[in-house]
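Quick notes on the structure that follows.
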Amino acid sequence: MQNLPLAGYKPERTEIAVRDTNIGGRDIILMAGPCAVESGPQMHQAAAAVKQAGGTVLRGGVYKPRTSPYAFQGLGREGLTHLTAAAKEHDLLTVTEVIDPASLEEVLNHVDIIQIGARNMQNFQLLKLAGQSGKPVILKRGLSATIEEWLSAAEYILAEENPNVILCERGIRTFETSTRNTFDLSAIAVIRKMSHLPVIVDPSHAAGHREYVPALSKAAVAAGADWLLVEMHPHPKEAKSDGVQSLTPTELQQLAADLVTVAASVGRTMVGTGSGLDSLRSKIDSIDSGIIELLAERMHVVKLVAREKSPDRIRDHNREQEIIQRLGRIAAELQCPADLVREIYALIFDHAIKTQLQDKAHRLDSMAYGR
Ligand code: PEP
Ligand code: MN
């Protein structure tokens with residue numbers, strides 16, 4: 001990768017500020033919306049659903065690079081008005097795709113992030129202009145691009161002294177036909193090793209079917225993706241493009257709630273609480289389920305530990321102190337009340353000891369009677 005002085009070599013990871021939102025830090029951010037902007041009401045419903053799910057950015061294509069010239073090409077300037085009005089109403093950031101210099105010029109002062117699609121990944125003139133714009137740019141991986149080609153394309157934007165480049169894995173073309181593209185999960189890990197740039201994923205264009213989108217999204221977050229760009233339509237069956245791969249508003253909300261625990265398991269935070277009591281409660285429900293699953297797993301390990309201990313050394317106060325001190329430090333870092341952690345763990349330790357004693361007694365009893 002000798003030719004990649006900017007994307008390739010920089011010790012610290014780049015964080016990109018879009019208004020007061022940061023990409024590439026601890027927070028995982030959800031961007032969602034329809035493939036294409038179709039009407040004002042559609043975008044208002046979409047924006048409300050994105051907000052409800054805790055999303056931060058509203059997507060919607062107004063210039064659509066379609067495979068067939070007879071397919072819906074997007075609403076252009078009119079679509080841009082619908083996108084920005086809906087985002088404003090729901091206090092969301094905006095992203096839309098540009099396909100040529102004219103569309104870049106058109107959207108530049110109206111959206112927060114511009115997207116260069118897979119089909120234009122090597123449109124070098126467009127990359128240079130996007131670089132000169134200074135705007136945050138989502139650069140999607142080309143349909144059959146290697147990671148090296150993708151990073152070289154990013155370099156065109158960086159070389160214009162625009163550091164705000166976000167790489168987006170959206171699936172690549174392989175021999176597999178059961179999905180629209182093949183989601184390259186390993187690209188996330190490779191990009192994180194080879195580049196300092198944030199890496200996000202678009203599971204929708206990778207999967208091509210809405211039922212696969214949640215699994216790919218969870219895998220992506222677990223693998224280190226910084227953001228998610230998901231297609232969601234208020235009425236997918238009526239969508240003018242990509243309805244089959246678009247989540248419904250309810251599915252998006254469920255996915256966002258499910259991602260809370262996945263993000264936490266890799267030390268990240270799923271940003272956005274969603275608005276409204278229902279959305280907040282669904283987030284709490286998901287966190288609570290995660291807590292109970294982990295507690296059950298802990299109790300299972302506690303029983304295994306009992307089998308390694310001699311009967312007279314079941315309670316180990318030094319070990320309990322060590323755990324409390326270690327968790328106290330983590331709690332302080334995460335701004336979680338340390339006394340809450342101490343109280344919860346006092347109960348957990350008591351239960352663990354009771355379980356271990358019972359398990360020991362039961363096993364000794366079974367041995368004595370040969371059962
Ligand atoms: C899109 O995001 O609507 C799109 C066309 O994506 P891609 O460039 O990844 O095909
Ligand atoms: Mn699409």
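First listed ligand is number 1; within each ligand, the first listed atom is number 1.
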Q: Tell me which one of Glu97, Arg180, Arg59, Glu169 gets a heavy atom nearest to atom 2 (O) of ligand 1.
A: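 It is Arg59 whose heavy atom sits nearest to atom 2 (O) of ligand 1.
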State whether [X] and [Y] are salt-bridged, where the test is any N-O pair (Lys NZ or Arg NE/NH1/NH2 against Asp/Glu carboxylate O) under 4.0 Å.
X      : Y      : value
Arg192 : Asp226 : yes
Asp242 : Arg210 : no
Asp27  : Arg268 : no
Arg141 : Glu169 : yes

Provide the number and element of each atom of ligand 1 under 4.0 Å from a heavy atom of [X].
X      : result
Arg119 : 7 (P), 8 (O), 10 (O)
Glu231 : 3 (O)
Gly117 : 8 (O)

Q. Among the N, O or S atoms that Asp242 has, which is closest to the Mn ion (ligand 2)?
A.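 Nearest to the Mn ion (ligand 2) within Asp242's N, O and S set: OD2.
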Q) Roughly how far, to the nearest 0.5 Å, is CD1 of Ile116 from CG of Leu104? A)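 Rounded to the nearest 0.5 Å, the CG-CD1 separation comes to 7.5 Å.
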Starting from [atom], what is the nearest protein heavy atom, named by residue and atom, and what distance separates them?
atom                   : result
atom 4 (C) of ligand 1 : His205 NE2, 3.5 Å
atom 6 (O) of ligand 1 : Lys140 NZ, 2.9 Å
atom 9 (O) of ligand 1 : Arg170 NE, 2.6 Å
atom 8 (O) of ligand 1 : Ala118 N, 2.8 Å

Q: Check if Arg141 has a non-hydrogen atom at a distance under 4.0 Å from any atom of ligand 1.
A: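 Arg141 does not count as a contact of ligand 1 under the 4.0 Å cut-off.
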Q) Is the number of heavy atoms from other residues, nucleotides or ligands within 6.0 Å of CD (Glu161) greater than 12? A)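 Counting other residues, nucleotides and ligands, CD of Glu161 stays at 12 neighbours or fewer.
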Q) Given OE2 of Glu231 on one side and NE2 of His205 on the other, what angle do they make at the Mn ion (ligand 2), to 10°? A)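 Nearest ten degrees: 90°.
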Q | Lys240 to Phe72, cation-pi by 6.0 Å centre distance and 45° axis angle | A |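 Yes, Lys240 sits over the ring of Phe72.
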(Q) Quick check on the hydrophobic clustering: are Trp150 and Phe124 connected, directly or via other members, by side-chain heavy-atom contacts under 4.5 Å? (A)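 Yes, because Trp150 and Phe124 connect within a single hydrophobic cluster, where side-chain heavy atoms sit under 4.5 Å apart.
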Q: Return a yes/no value for Pro65: is any of its N or O atoms, backbone included, closer than 3.5 angstrom to an N or O of ligand 1?
A: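 Such a contact does not occur with ligand 1.
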